[in-house]
Visitor: 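Structure incoming, see below.
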Amino acid sequence: MPELPEVEVTRRQVERVLVGATILKVWTSEPSYFFVTEPALLKKRLRGRLVRALTRHGKYMLATFDDDSRLLLHLGMTGQLSTTDFPGDPHVHLRLELSGNKGLFFRDVRKFGKVEWLRPGHSSPRLDKLGPDALVVVPEEFYARLSARKISIKQALLDQSILSGVGNIYADEALFAARILPERASHTLDQPEAKRLLREVKRVLDKSIQHGGSTINDYLQPDGELGGYQNWHRVYGRTAEPCPRCRTAISRVVLGGRSSHFCSSCQK
DNA sequence: GCACATGTTCTCGG
DNA sequence: CCCGAGAACATGTG
């Protein structure tokens, strides 16, 4: 479900109920690796806190509280934040009761998501190793980072320590738009190609945010609405369908353990 | 039963 | 240290 656009759409809606609210009550499911911070400690640290801000870096959201402690959230593969509860649903792992009769609910079927509380003035290794956000990075830095690596450009885009926010869908869509093959070695892209690729990365991410993200299986916005950008995917999930530019059948290969969809004719 | 899934992280061998 | 392949995490869908 969640790459940068889905996380940003989620952040914008959650911000409206969370910022300015006080956490009155915290409910958690049983301990699991979903909880980087143990549920018992998490409850103790969150109760009574006033939320000052909700920001995003790549696929991570970060809530900042009145005492300068923070809460790091990652949606993993199937995580979703909702402003309404899922009564009786066994996949809900965190429920926050907020002032003003509001609530925030974290559901995650596969539990690849993460919740980590950060004490004031402290960070987290997961946060520290992230590369620049895909919507913020400038072309010069993007090019420099790609030039330093011999892995495929597809794997470079997916590596969150090189660039953060791009996942499997938007990597394929951006490479198609920039007419670059996913197997191309990262360091073989020249400066104009890197610039073109970054422009398309940003264009694809922005457009998806405008459409509310991509709903492939179960992604829902916090208000329960479906995303709409899946209808604009040009190669992702379209193996063997005609390329929208040249009608060549879309190819699928596995790179870094993830499927890559591309046109072997118009991507070079 | 099998293949596959929008993510991250670790291991092993080269 | 860099790189690729494969697996692990947990659960669902087709």
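In the text below, chain A, chain B and the rest are named by the order of the sequence lines, each starting its count at 1.
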Visitor: Does a side-chain N or O from K129(A) land closer than 4.0 Å to OP1 or OP2 of dT9(B), or not?
Guide: yes
Visitor: Could you pick out which residue, Y60(A) or Y236(A), lies toward the 5' side of DNA chain B when each is mapped onto its nearest nucleotide?
Guide: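 The residue closer to the strand's 5' end, by nearest nucleotide, is Y236(A).
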Visitor: From C-beta outward on I151(A), which listed nucleotide comes closest to its side chain: dC3(C), dA5(B), dG7(B)?
Guide: dC3(C)
Visitor: Give a yes/no verdict on a cation-pi contact between K154(A) and F262(A), requiring under 6.0 Å between NZ or CZ and the six-membered ring centre and an angle within 45° of the axis.
Guide: no
Visitor: If only side-chain N and O atoms count, and only distance matters, is there a donor-acceptor pair under 3.5 Å linking H93(A) with T28(A)?
Guide: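 Side chains of T28(A) and H93(A): no pair found under 3.5 Å.
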Visitor: How many whole angstroms separate atom CZ of R252(A) from atom P of dA3(B)?
Guide: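 Answer to the nearest Å: 12 Å.
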Visitor: For D159(A) and dT9(B), give me the distance from atom CG to atom P, rounded to whole Å.
Guide: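 So the CG-P distance, D159(A) to dT9(B), works out to 10 Å.
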Visitor: Nearest whole Å is fine: how far is dG7(B) P from L72(A) CG?
Guide: 17 Å
Visitor: For R149(A) and G257(A), find the nucleotide of DNA chain C closest to each by heavy atoms; which residue's nucleotide sits nearer the 5' end?
Guide: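 With R149(A) and G257(A) compared, the 5'-side residue is R149(A).
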Visitor: Compute whether any side-chain donor of one residue and acceptor of the other, for S161(A) and K129(A), lie under 3.5 angstrom apart.
Guide: no
Visitor: Without decimals, in angstroms, what is the distance between Q160(A) CD and dC10(B) P?
Guide: 15 Å
Visitor: For the pair made of CG in L158(A) and P in dT9(B), what is the distance, rounded to whole Å?
Guide: 14 Å
Visitor: Between dA8(C) atom P and F34(A) atom CZ, what is the distance in whole Å?
Guide: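 Interatomic distance, CZ of F34(A) to P of dA8(C): 23 Å.
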Visitor: Angle between ring planes, H211(A) versus W232(A), binned at 30° and 60°: parallel, tilted or perpendicular?
Guide: tilted
Visitor: Starting at the 5' end of DNA chain B, what dot-bracket string do you get if Watson-Crick and G-U pairs under 3.5 Å are bracketed, crossing pairs use [ ], other-strand pairs use | and unpaired bases use dots?
Guide: .||||.||||||||
Visitor: Expressed in angstrom and rounded to an integer, what is the separation of N168(A) atom CG from dT8(B) atom P?
Guide: 11 Å
Visitor: Roughly how many Å apart are dT13(C) and dG1(B), using the C1' atom of each and rounding to a whole number?
Guide: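 dG1(B) and dT13(C) have their C1' atoms separated by 14 Å.
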Visitor: Taking any heavy-atom pair under 4.0 Å as a contact, classify K59(A): base, sugar-phosphate, or nothing.
Guide: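 It contacts sugar-phosphate atoms only.
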Visitor: Any chance the side chains of D128(A) and S123(A) put a donor and an acceptor closer than 3.5 Å?
Guide: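 Yes, a side-chain donor-acceptor pair sits under 3.5 Å.
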Visitor: Pairing donors with acceptors under 3.5 angstrom, does anything connect the side chains of T37(A) and E116(A)?
Guide: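 Not at all, the side chains of T37(A) and E116(A) share no donor-acceptor pair under 3.5 Å.
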Visitor: Distance check, P atoms only: dA7(C) and dC2(B), in whole angstrom units.
Guide: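 Nearest-Å result for dA7(C) against dC2(B) at atom P: 14 Å.
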Visitor: What's the closest nucleotide to the side chain of M77(A) if the choices are dT8(B), dC3(C), dA5(B)?
Guide: dA5(B)
Visitor: Once each nucleotide of nucleotides 9-14 of chain C is scored for protein heavy atoms under 4.0 Å, what B/S/- sequence comes out, 5' to 3'?
Guide: BBBS--
Visitor: Side-chain donor-acceptor pair under 3.5 Å between Q267(A) and R179(A), yes or no?
Guide: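 Looking only at side-chain atoms, R179(A) and Q267(A) do not form any donor-acceptor pair under 3.5 Å.
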Visitor: Expressed in angstrom and rounded to an integer, what is the separation of K154(A) atom NZ from dC3(C) atom C1'?
Guide: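 So the two atoms are 18 Å apart, to the nearest Å.
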Visitor: Test: ring-ring contact (aromatic ring centres under 6.0 Å, His included). Region: residues 60-82 of chain A. Which pairs qualify, not counting sequence neighbours?
Guide: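 Of all non-adjacent pairs touching residues 60-82 of chain A, those that pass ring-ring contact (aromatic ring centres under 6.0 Å, His included) are Y60(A)-H74(A).
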Visitor: Between S208(A) and Y170(A), does any side-chain donor sit less than 3.5 Å from a side-chain acceptor?
Guide: yes
Visitor: Measuring centre to centre across the rings, with the benzene-like ring taken for any Trp, is F106(A) within less than 6.0 Å of F34(A)?
Guide: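 So the answer is yes for these two rings.
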Visitor: How would you label the contact of S259(A) with the nucleic acid (heavy atoms, under 4.0 Å): base, sugar-phosphate, or nothing?
Guide: sugar-phosphate
